[in-house]
Amino acid sequence: MDIHVSPQIERLIRDALDEDIGAGDLATMATISAESSGTGLFRAKKDGVVAGLVLLDRIFYFIDHRVEVRLRAKDGAEVKAGAVVAEAVGPVRALLLAERTALNFLQRLSGNATLTRKYVEAVKDFPCKVLDTRKTTPGLRTLEKYAVRMGGGMNHRIGLYDAALVKDNHIEATGSIAEAVKAVRRHAPFMAKVEVEASSLKQVQEALDAGADVIMLDNMTLAQMAEAVKLVNKRARVEASGGITLENIRQVAATGVDYISSGALTHSAPVVDFNMKITMNAGR
């Protein structure tokens, strides 16, 4: 499934369940007997790319280990409105207690995956890759970046620790791009990539001279991007960032950049709606 449900993610699931359930479900505990069993079907209410199914088993397990989750689709699959993507079988009380938490994860991550797929499809005939950013929901970065991968995108750095991005504040603190890159090279592991944010062609040249691995073109015009790609001439990777939309991403890709990053994939993706309908087992 391309993700490990780590202790961090398990804590996130537990916190989400605690937030919703608290001392207990007032309506469910009053109306549903402890012996009642049934099947809950998770159904897409609109077309999209599904992501988050990998979490369902743990979500229900934390409520009642007797619940069995059966997946009808895989994360990363395109589903149509009305499609059943999973079923959960077990005590009805447990199904209802976990329902909203399960749906919240599924809807949000599917939204990230669906929007990413649209961006990826828009530039599929260009050699560039679509990247996410660190503009994620606090606590949900691992999952949102997973959803981006399920949509066909690629992850930029996961955090501040796995790659260095030299920005204007770093340049101002050291006096120049060259000095900033030197300082990072001395400090970072030798395998870590160093990227430099450039807002002008002059800074692109300075980043090249400093030996940057990747040069980020920050909010440049299409003409500036095309000129920067010619200037770099494959001596570094080139990333376009800032103001990327579905309406302009093909024009950006046509400039010849290697990567296009967009915070919208994680911070502005509309959810893909799902519901869960429960069928009570006969005689219970």
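Only heavy atoms go into these numbers, but all of them, side chains included; no hydrogens, no water, no symmetry mates.
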Cation-pi, Tyr146 ring and Arg149 (6.0 angstrom, 45 degrees): no
Distance only, no hydrogens: is a donor on one side chain within 3.5 Å (strictly under) of an acceptor on the other, for [X] and [Y]?
{"X": "Ser261", "Y": "Thr133", "value": "no"}
{"X": "Thr137", "Y": "Arg108", "value": "yes"}
{"X": "Asn104", "Y": "Arg100", "value": "yes"}

Side chain to side chain, [X] and [Y], heavy atoms closer than 4.5 Å:
{"X": "Gln107", "Y": "Asp273", "value": "yes"}
{"X": "Val214", "Y": "His156", "value": "no"}
{"X": "Leu41", "Y": "Thr279", "value": "no"}
{"X": "Arg66", "Y": "Pro91", "value": "yes"}
{"X": "Val69", "Y": "Tyr61", "value": "no"}
{"X": "Val130", "Y": "Leu265", "value": "yes"}
{"X": "Val271", "Y": "Ser110", "value": "no"}

Got a salt bridge between [X] and [Y], using NZ or NE/NH1/NH2 to carboxylate O under 4.0 Å?
{"X": "Asp213", "Y": "Arg185", "answer": "yes"}
{"X": "Arg237", "Y": "Glu195", "answer": "no"}
{"X": "Arg14", "Y": "Glu10", "answer": "no"}
{"X": "Glu121", "Y": "Lys124", "answer": "yes"}

With clusters defined by side-chain heavy atoms of hydrophobic residues (ILVMFWY) lying less than 4.5 Å apart, directly or transitively, does [Y] cluster with [X]?
{"X": "Leu165", "Y": "Val194", "answer": "no"}
{"X": "Leu106", "Y": "Ile278", "answer": "yes"}
{"X": "Ile21", "Y": "Phe62", "answer": "yes"}
{"X": "Tyr259", "Y": "Val148", "answer": "no"}
{"X": "Leu53", "Y": "Met276", "answer": "yes"}

Give a yes or no answer on whether the side chain of [X] reaches the backbone of [Y] with a donor-acceptor pair at less than 3.5 Å.
{"X": "Thr266", "Y": "Lys135", "value": "yes"}
{"X": "Thr114", "Y": "Val49", "value": "yes"}
{"X": "Arg43", "Y": "Asn275", "value": "no"}
{"X": "Asn248", "Y": "Gly243", "value": "yes"}
{"X": "Arg235", "Y": "Val232", "value": "yes"}
{"X": "Arg250", "Y": "Ala122", "value": "yes"}
{"X": "Arg117", "Y": "Met150", "value": "yes"}
{"X": "Asp258", "Y": "Glu239", "value": "no"}
{"X": "Asp218", "Y": "Ser199", "value": "no"}
{"X": "Arg93", "Y": "Ile32", "value": "yes"}

Which pair of heavy atoms, one from [X] and one from [Y], lies closest together, and at what distance?
{"X": "Ala44", "Y": "Val79", "value": "CB-CG2, 4.1 Å"}
{"X": "Ile59", "Y": "Ala98", "value": "CG2-CB, 4.0 Å"}
{"X": "Gln224", "Y": "Thr221", "value": "OE1-N, 2.9 Å"}
{"X": "Ile171", "Y": "Glu197", "value": "CD1-O, 4.3 Å"}
{"X": "Arg141", "Y": "Thr136", "value": "NE-OG1, 3.0 Å"}
{"X": "Asp75", "Y": "Val54", "value": "OD2-N, 3.5 Å"}

Just how far is it from atom [atom1] of [X] to atom [atom2] of [Y], taken to the nearest 0.5 Å?
{"X": "Lys145", "Y": "Arg134", "atom1": "NZ", "atom2": "CZ", "answer": "9.0 Å"}
{"X": "Leu140", "Y": "Phe105", "atom1": "CG", "atom2": "CZ", "answer": "6.5 Å"}
{"X": "Thr174", "Y": "Asn169", "atom1": "OG1", "atom2": "CG", "answer": "10.5 Å"}
{"X": "Ser36", "Y": "Met280", "atom1": "OG", "atom2": "CE", "answer": "4.0 Å"}
{"X": "Leu95", "Y": "Thr39", "atom1": "CG", "atom2": "OG1", "answer": "7.5 Å"}
{"X": "His65", "Y": "Ile63", "atom1": "NE2", "atom2": "CD1", "answer": "13.0 Å"}

side-chain contact (heavy atoms from CB on, under 4.5 Å) between Val252 and Leu222, intermediate numbers included: CA-CA 6 Å; Val252 174; Leu222 293 171; 3.9 Å; yes
Could you walk me through whether Leu143 and Leu12 satisfy the side-chain contact (heavy atoms from CB on, under 4.5 Å) test, starting with their C-alpha distance in whole Å, then the side-chain angles of each, then the deciding distance to 0.1 Å, before giving a yes or no? CA-CA 10 Å; Leu143 294 178; Leu12 179 64; 3.6 Å; yes
Could you go through Asp132 and Asn112, starting from their C-alpha distance and side-chain angles, then the distance that decides it, and tell me whether this counts as side-chain contact (heavy atoms from CB on, under 4.5 Å)? CA-CA 10 Å; Asp132 56 21; Asn112 298 134; over 6 Å; no
side-chain contact (heavy atoms from CB on, under 4.5 Å) between Phe126 and Val257, intermediate numbers included: CA-CA 10 Å; Phe126 291 96; Val257 296; over 6 Å; no
